[in-house]
> 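Dumping the structure here so I can ask a few things about it.
Counting starts at 1 for both ligands and their atoms, in listed order. Everything numeric here is computed off the predicted structure, so don't read it as measured data.
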Amino acid sequence: MSTIPRGAAIVGWGKCLPPAVLTNADIATFLDTSDEWIASRTGIRERRVSHVPLGELMYVAAARALACAGVDGRTIELIVCGTTSYDDQAPNVASGIQRRIGAEGCAAMDVNTACTSFLYSLSTATAMIKSGVVKNALVTGGEVISPFIDWTDRNIAVLFGDGAAAVVLQATDREEGLLAEKLGCYGESREILRVHGMGAAYAHQNRVIGRTEWQFEGQEIFKKAVHGMALACGEALAKLGKTSAVVDLVVPHQANMRIIEAVARKTGVPMEKVFTNVHRYGNMSAATIPVALCEALEENRVKPGALLLMPSFGAGLTFTGHVVRWGERLTPLGTSPVELPDSNRSALDIITKYRAIKAA
Ligand code: UT7
């Protein structure tokens, strides 16, 4: 292979979903809402709540992705972790993954663009491989967002869930992996989704850091999200001289079924070519697309050489459209023995302490 490769192929993938399930009916035990309202407005039936920190979920996902790729973690040269939630502000989560996979001394960074963080991370890692800085990379997308939810606000509490997934990228001379993308942000709309109480700014406001209050204009987010994603998909495809007619499968950000349907309509792709799992997990922010990619592979929705389109949006308001060429292999080369620590705690039990922080 030449020094400067043509592509960064996705050669491994793995997901990690915490076991505790929070159903719509569970939420209706403490908020004025119903399964009917949530399912009809969002498509969500249930979501997961993590009993462990983000680093644990991402590590398990990473171990599975490495085993799938048949790659020894010690050979990884770059780790990019896409996330908005964090175990610690410092050090970052990527350095923890580096230590646990044994990739001593490799580059390790976190990327935060809210729900689009995995896609911005994929762009960053692919660009570094294509420019010859590194030959491979581990890219994760994950969130443990349940501690930051305002569990007294029905506008928010029904929408989000926890989870993580990872992919392994490898330099290749084939035209594979991320072929083209559009990354964007409507900064003038940054106030339509703002989580008060998550950062240092609140130390100056006599607020308790961790006691969150969400500024959230659902309908504005909806409109901007659809507009941004359709625009990004069009621009990314145009860079390749292609139209949506040649897309084999859309793997979109899973925030709301109605948003996904609107983007598919605007992009000119029939729903049969769109993968959805929002009913199972809700909006896992940075984790939605890599988890959906893993499940699309498990469910035989990805064919060898398929052209995939990945639209996403998040707070900022960031938006993206990625065009990915899949390789030939659809099955993992190996499996990992790594598992999450056992837990039989219910989701309602886990969120009890987060609800108490708000009430205090
Ligand atoms: O990654 C970014 C994540 N953000 C998003 O994905 C948000 C995008 N926006 C949306 O998904 C939708 O705007 C929502 C699902 C958030 C809301 O759907 P909507 O169709 O825009 O509903 P709405 O905000 O217009 O609310 C309709 C009614 C309101 O009652 P009134 O004022 O008509 O009496 C709300 O108070 O539904 C009420 N409502 C609820 N009712 C039961 C809001 N949340 C709930 C709830 N259960 N959980």
> Tell me which part of T33 gets within contact of ligand 1: side chain, backbone, both or neither, using heavy atoms under 4.0 Å.
both
> Measuring to protein heavy atoms, does anything land under 4.0 Å from atom 22 (O) of ligand 1?
yes
> Evaluate G218 for polar contact with ligand 1, using N/O atom pairs at a separation under 3.5 Å.
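It does: an N or O of G218 is found under 3.5 Å from an N or O of ligand 1.
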> Answer yes or no: does an N/O atom from R154 fall short of 3.5 Å to an N/O atom of ligand 1?
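So ligand 1 has an N or O lying under 3.5 Å from an N or O of R154.
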> Give me the nearest non-hydrogen protein atom to atom 18 (O) of ligand 1 as residue plus atom name, then the distance to 0.1 Å.
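Closest protein heavy atom to atom 18 (O) of ligand 1: R258 NH1, 3.8 Å.
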> T42 heavy atoms, cut-off 4.0 Å: which ligand 1 atoms fall inside?
15 (C)
> Counting each atom of ligand 1 from 1 as listed, which ones have a heavy atom of H253 under 4.0 Å away?
1 (O)
> Going by the order shown, which atoms of ligand 1 are within less than 4.0 Å of some heavy atom of N283?
1 (O), 2 (C), 3 (C)
> Under 3.5 Å between some N or O of ligand 1 and some N or O of R41?
yes
> Is the closest side-chain donor-acceptor distance between T75 and D72 under 3.5 Å?
no
> Numbering the atoms of ligand 1 from 1, which are under 4.0 Å from a heavy atom of Q219?
13 (O), 21 (O), 23 (P), 25 (O)
> In terms of side-chain geometry, is the basic nitrogen of E77 or K135 positioned less than 4.0 Å from the acidic oxygen of its partner?
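Looking at E77 and K135, the cut-off is met.
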> Using 4.0 Å as the upper bound for N to carboxylate O, is an ion pair formed by E56 and R100?
yes
> Go through ligand 1 atom by atom and flag the ones less than 4.0 Å from a non-hydrogen atom of C115.
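That gives atoms 1 (O) of ligand 1.
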> Report the nearest protein non-hydrogen atom to atom 16 (C) of ligand 1: residue, atom name, distance rounded to 0.1 Å.
F216 CE2, 3.9 Å
> Should the ring pair F160 and F216 be called parallel, tilted or perpendicular, given that the plane angle runs from 0 to 90° and is split at 30 and 60?
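Answer is perpendicular, since the angle exceeds 60°.
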> Might you check, step by step, whether the distance between atom 40 (C) of ligand 1 and some protein heavy atom is under 4.0 Å?
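At least one protein heavy atom is under 4.0 Å away.
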> Using the six-membered ring wherever Trp is involved, compare the ring planes of H253 and F313 and label them parallel, tilted or perpendicular (cut-offs 30° and 60°).
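Ring orientation, 0 to 90° scale: perpendicular.
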> Taking only heavy atoms of V158, which atoms of ligand 1 are found under 4.0 Å from at least one of them?
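With V158 as reference, the close atoms of ligand 1 come out as 48 (N).
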> Going by an N to O cut-off under 4.0 Å, is there a salt bridge joining E261 and K266?
no
> Provide the full list of salt bridge (Lys or Arg N to Asp or Glu O under 4.0 Å) pairs with a residue in residues 235-255, sequence neighbours left out, each pair given once.
K182-E235
> What pairs with D150 under salt bridge (charged side-chain N to carboxylate O under 4.0 Å, His left out), at least two apart in sequence or on another chain?
K358
> For A255, take its heavy atoms, then give the atoms of ligand 1 lying under 4.0 Å from any of them.
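Near A255, the atoms of ligand 1 are 6 (O).
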> For ligand 1, which atoms sit closer than 4.0 Å to a heavy atom of L193?
2 (C)
> With no hydrogens and no angle check, do the side chains of Y120 and E181 hold a donor and an acceptor under 3.5 Å apart?
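Looking only at side-chain atoms, E181 and Y120 do not form any donor-acceptor pair under 3.5 Å.
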> Scan the protein's non-hydrogen atoms and note whether one is under 4.0 Å from atom 14 (C) of ligand 1.
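No, there is none.
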> Please report whether atom 34 (O) of ligand 1 has a protein non-hydrogen atom at a separation of less than 4.0 Å.
no
